[in-house]
Amino acid sequence: MNLARWILPTAVLWLLSSSVSGQSTSKVDAIRFVDITEASGVNYRHQDGGTGQRFLPEHMGAGLASFDADGDGLLDIYFLNVARLPDWKPSFELSNRYFRNRDGNVFGDFTAASGLTELSYSLGVTAGDYDNDGFQDIYVSNFGPNRLFHNNGDGTFSDTTDQCGVGDGIKFGAGATFLDIDDDGDLEIFVGNYVTFDFDRHYLLAPKAYPYSPGPRDYPALADTLFLNNGDGTFLDISHDAGIDAVAGPSMGVVSADFDGDHDVDIFVACDGEPNLLYVNDGLGKFSEEGILAGLALDSRGIANGSMGVDVADLNGDGLLDLLVTNYSDQLPELFLNQSPGGIFEESSRQTQIGSEVYPHVNWGVGLIDFDCDGDKDAFICNGHLLENAKEVESRTDFGVRNSVMENLANKTFRSVSDSVGPAIFQARSSRGAAFEDLNRDGLVDVVILNSDSFAQVLMNTTASTNNWLIIELVGTSVNRDAIGAKVWLHSGEHVQFTEKVNGRGYQSHYGAALHFGLGKSPHVDQIEIQWPGHLQKQVLRQVNVNQRLKIVQP
Amino acid sequence: MGRLLKLLLVGLGCTALIIVVAIYLTPLPEIEPESAVSLPESALEGRNAPIQSTAQIATIALPDVAQEIPTRQLQDELRAAATELVELFPGDAGSWHVAAQVEFELLQSEKAEEYWNKCLGLQPRHFGPYLGMAELLTSKGRFEDAIAVLKNVFALGGSAPEVFLKLGEAYENQGLLENALETFTLGIQAFPDDPDLLAGLGRLQSQSNKLPEAEASLKRAIAIRGETQQLLSSLVVVLMRQEKRDEAAALRTSLQQLVSKSSGDTTSNDSAFQKAYDAALRRSGYRIFESCANAFYQNHRLDLAEKYFLRAIQQDPKIVSGWVGLSEVLLKQQKYADVNAVLRRIIELEPNNAVYHINLASVALKLNDVQASESALKKAVALDTHASLAHLALAKLYIATKKFDLAHQSLDSVLAVDPSPDVIRLKSEVYAAEGKSEQAAELLKTLRSTQP
């Protein structure tokens, strides 16, 4: 009798808390990953191209892109690699590599066959359909001239860099993003540039540099570049006229979205040791840098952190896009919570606990993804120092550090679940870029990681989730075909989720071909609202079934 | 790297800065009337030509400029100093505290934690090590552990702005905003004008959507400390959130100027990062060497204390605390000529501190240089006309040199401030020495009537 007296209220309490939070606390839904790299056939290995002289590019690692290169509905992967730096001995060439997704689980190397061989020192990448022909093109930023590969639609690509005029000279490129700055339906290219690295200066400074090597503050920062799409297969460098080159910072990860809610696309740039940049669009394609006023330039201590990667999502369910920026060691990742529809952000990492686990480490790639489909966005953070001897220099961290998974608890705080997601993330490597996609079309988002000077990893999301989900692919008709800049509100019961189709994100990477929503136990979606870029009116769909991939074409 | 200074400043509960404090509060040996009247004849006769004995010539080599030292060498030396300390005095908590600070500064967190644990095992009642340990735990992302450690500081009665600041930040790191707000509020009640506490309070008020309160806290902090990156960036966000864009935009300009000042010089022949790193290491090196010296002093190893005070000074000869510590150590070893030289360097750095002139006078007397002693005391009196200490010392010197009229003047100045029986007795003794026995007796009689 006594037992029953205690069991009943406990059960009611459990049900109540589950219902109120809108989340399942069942271990069935605990996030899990399995490393399928070997079985997947993804045998890509990144190299830094150096001989331990610690040239600045050696530390950078690189990004990667996930995109549907061949139009078969399966997401493929394009890994970046480097070129030889001085004194590099091996005779073989290093190339970026393209892995075609055969069946969701197995990939094949189609680099040479596709024409995506690239022997430059590649650092950043994004994918987008710049000519609206229905096929995703690739833009690669290099330490050296950049490259644009046009997708021919038959599984092959052509180098259209010179034809399009988007090589951007010989610079130290970083993240890149396709975006439509003037809502004319075709995509511009924004390229983040790092610093003016030169070998002579390195040789001058390096002998006196201990225990670190010459860094970004030792070289002049480079202004970023914006190429206007002329709509005829050519681009025009409008960096000056658009106000982009009015400032310069050591740019790394970039992402474009409507941060100030005025229905045009803005650009956020994570900067390494200098204030982050926010280029605010006036709606006519002219930009002003307003990072400080928006609260995005510095952390809550007024410090310009060594920022690396960035992702955007509504992390607290208030219908506004927030940003998570990864940083150097001894610096918390910055979670900039959006406090106003006009885009005023407050750095709130501590109150949300999102970065507590990675504080001692250097962090790079980042994804804000609902891994357990419970209706809020979790965080995956890639870690690893840039120095091979990091343990000697900073004993609390290392070159190889396991990555971190932070679970969102009801849109308020995060907790680390890294210990429980499985041994897939336990391998201590120095990760850089990461991409997050549903590779095997099971409704769960998987992870692909580029590890610096090491083999890549493919982590399949094996969360035994009983939660529902919906994946939405948007197709623009009068707007850009990728629907970059489209906003989506998804209503299920009392719960409303908001997201925006963005391009270029993470650490100099690109992912997110389709929009993924976890729905918890909601049996259906009551309503989906879509605001296509440049349009104020919303398209509305009602009573949508869950657990499906939904293609929505702009009417 | 600046964290060590903060730790030391709040670590007065530990053994660290005792020397520095002691020498300020207790000047070099008092010039007692007995010793004054028994001054060697040579001091009185030859005051225009001080004796140049070996003992009176400074033998210590004092640095004029900061030493150039490779980073790796300085790191190794700091580590070696800490090792020497704990090997010689393994049972001394202060030694482990210093060694832990060294390892923490050199980012060797495992060793630092081990050493602080040893320190606290030996002496759990000093709060400096707790603060160090808390900062270390924070750097490892162990925020909950840091809170537990910091609670010990309060349990020990530790009350300093830094203690409130650290605990408030620890709660903030742990995501406990209400606890953090409460801690900062309590801190402000105790230290209403501390700009760091005001900055923290403003930041938390902003995160708690108490925007007008946040604005007031941050503006008050700026009024006290001036514009800093932290304060301006927080205030800009608070203003923008209240739609005070014009005011925020005006601050942005100032903030951008501050930020650009901290940017690297990309044309220098030295790495910007390396320069910043080296400067920070040198600052830390100074404090670490000084801490080592203090620890050796506490453990009566004056030779090593002297060595490490000198090493501290070699890192930055413009900081006075190392010189003061060195003078005390040399004094203990009765190296008066060296003390004299050191005190003169201290006075170059802080010419308006009367205590240093009094100390110099005392040492000059030890060196039989009465003229220098008198000169120093006159400077001390000129600097601090209302303080009795300098007047009394000068009076004693005049007594010793039989300048009784001047001694009376000085003693009258002392009596105006401090009419104590001892001073009255001294004045009586002067009368007696002058042969004015009636006046001496009258003075003593008056004293007895007021102080039976």
Side-chain angles (χ1 to χ4, degrees), chain A residues 195-196 201 204-206 208-221 273-275 290 292-295 297-304 329-330 332 337 339-340 342 344-361 392-397 412-414, chain B residues 70-72 75 103 106-112 136 138-143 169 172-177 180 199 203-204 206-207 209 228-234 236-238 240-241 243 245 248-249 251-252 255-256 258-259 262-274 276-277:
Chain A
V195 297
T196 307
R201 183 157 173 75
L204 173 72
L205 301 178
K208 287 187 279 185
Y210 175 84
Y212 300 92
S213 50
R217 291 161 67 94
D218 292 320
Y219 305 94
E274 296 288 336
E290 298 197 358
I292 285 177
L293 290 180
L298 307 166
D299 72 6
S300 63
R301 269 58 175 175
I303 295 168
S329 59
D330 220 9
L332 278 171
L337 283 182
Q339 304 290 342
S340 140
I344 309 300
F345 296 79
E346 177 133 12
E347 199 257 291
S348 306
S349 309
R350 288 169 174 82
Q351 75 183 70
T352 57
Q353 294 290 285
I354 195 166
S356 53
E357 180 172 279
V358 302
Y359 186 53
H361 311 304
E392 296 167 27
V393 179
E394 302 175 25
S395 74
R396 60 178 174 261
T397 187
K412 285 183 180 165
T413 59
F414 289 77
Chain B
T71 305
R72 191 191 298 256
Q75 287 183 344
E103 296 299 341
L106 300 180
L107 302 178
Q108 300 304 307
S109 49
E110 279 76 17
K111 275 193 177 175
L136 167 73
T138 299
S139 75
K140 298 174 89 171
R142 291 163 55 186
F143 304 135
E169 288 179 343
E172 189 184 358
N173 286 334
Q174 188 65 7
L176 303 170
L177 286 201
R203 183 177 65 244
L204 286 157
S206 176
Q207 289 183 23
N209 295 315
T228 66
Q229 277 189 215
Q230 177 180 11
L231 292 170
L232 284 180
S233 62
S234 295
V236 163
V237 172
V238 168
M240 288 294 287
R241 289 185 63 193
E243 299 183 358
R245 188 183 172 89
L251 293 178
R252 172 173 65 172
L255 181 53
Q256 283 172 326
L258 287 174
V259 170
S262 61
S263 294
D265 176 6
T266 56
T267 59
S268 167
N269 284 343
D270 293 310
S271 160
F273 184 83
Q274 195 66 38
Y277 181 88

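Each chain gets a letter, A, B and so on, in the order the sequences are listed, and its residues count up from 1.
Of all the listed residues (H361(A), E274(A), E394(A), Q351(A)), the one sharing the greatest number of non-hydrogen pairs under 4.5 Å with chain B is Q351(A). Contact count against chain B (heavy-atom pairs under 4.5 Å) is highest for S300(A) among P214(A), G215(A), S300(A). For chain A, the option among S234(B), S206(B), A276(B) with the highest count of heavy-atom pairs below 4.5 Å is S206(B). Comparing S271(B), A180(B), A272(B) by heavy-atom pairs within less than 4.5 Å of chain A, the highest count is held by S271(B). The most heavy-atom pairs under 4.5 Å with chain B, out of P216(A), G302(A), S395(A), come from S395(A). When each of T138(B), L255(B), N173(B) is scored by its heavy-atom pairs under 4.5 Å with chain A, the top score falls to N173(B). For the set K208(A), R301(A), R201(A), the entry with the most heavy-atom pairs within less than 4.5 Å of chain B is R301(A). Top candidate by heavy-atom pairs under 4.5 Å with chain A, chosen from A248(B), A249(B), S268(B), is S268(B). Of the listed residues (D218(A), T413(A), I303(A)), the greatest number of heavy-atom pairs within a distance under 4.5 Å of chain B belongs to D218(A).
Side chain of E347(A) to main chain of S349(A): a donor-acceptor pair is present (N/O by atom type, distance under 3.5 Å, no hydrogens or angles). Listed for the E243(B) side chain is no donor-acceptor partner under 3.5 Å among the backbone atoms of M240(B).
Counting only heavy atoms from C-beta outward, the side chains of Y277(B) and P211(A) approach each other to under 4.5 Å. Under the 4.5 Å side-chain criterion, counting only non-hydrogen atoms from C-beta, D330(A) is in contact with S139(B).
Contact annotation for I292(A): both backbone and side-chain heavy atoms come within less than 4.5 Å of a heavy atom of chain B. Using a 4.5 Å cut-off between heavy atoms, Q75(B) contacts chain A through its side chain alone, with no backbone atom that close. For Q274(B), the part sitting under 4.5 Å from any heavy atom of chain A is the side chain, from C-beta outward, and nothing else. Neither the backbone nor the side chain of T228(B) comes within less than 4.5 Å of any heavy atom in chain A. Proximity to chain B involves both the backbone and the side chain of Y212(A), based on heavy atoms less than 4.5 angstrom apart. For a residue to count as touching a neighbouring chain, one of its non-hydrogen atoms must lie under 4.5 Å from one of that chain's; by this rule V236(B) touches chain A with the side chain only.
Within the cation-pi definition used here (under 6.0 Å to the ring centroid, within 45° of the axis), R72(B) qualifies as a partner of Y210(A).
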Just do the side chain to side chain contact (heavy atoms under 4.5 Å, CB included) check on Q339(A) and N209(B) with the steps written out, would you?
CA-CA 10 Å; Q339(A) 304 290 342; N209(B) 295 315; 4.2 Å; yes
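Ion pair R245(B)/E290(A) flagged as a salt bridge, since at least one NZ, NE, NH1 or NH2 atom sits closer than 4.0 Å to an Asp/Glu carboxylate oxygen. A salt bridge between R203(B) and E172(B) is present, with a side-chain N of the basic residue lying under 4.0 Å from a carboxylate O of the acidic one.
Nearest heavy-atom pair, L332(A) versus G355(A), reported as atom, atom and distance to 0.1 Å: CD2-O, 3.4 Å.
Taking the six-membered ring where tryptophan is involved, the planes of F143(B) and Y359(A) are tilted, since the angle between them lies from 30° to 60°.
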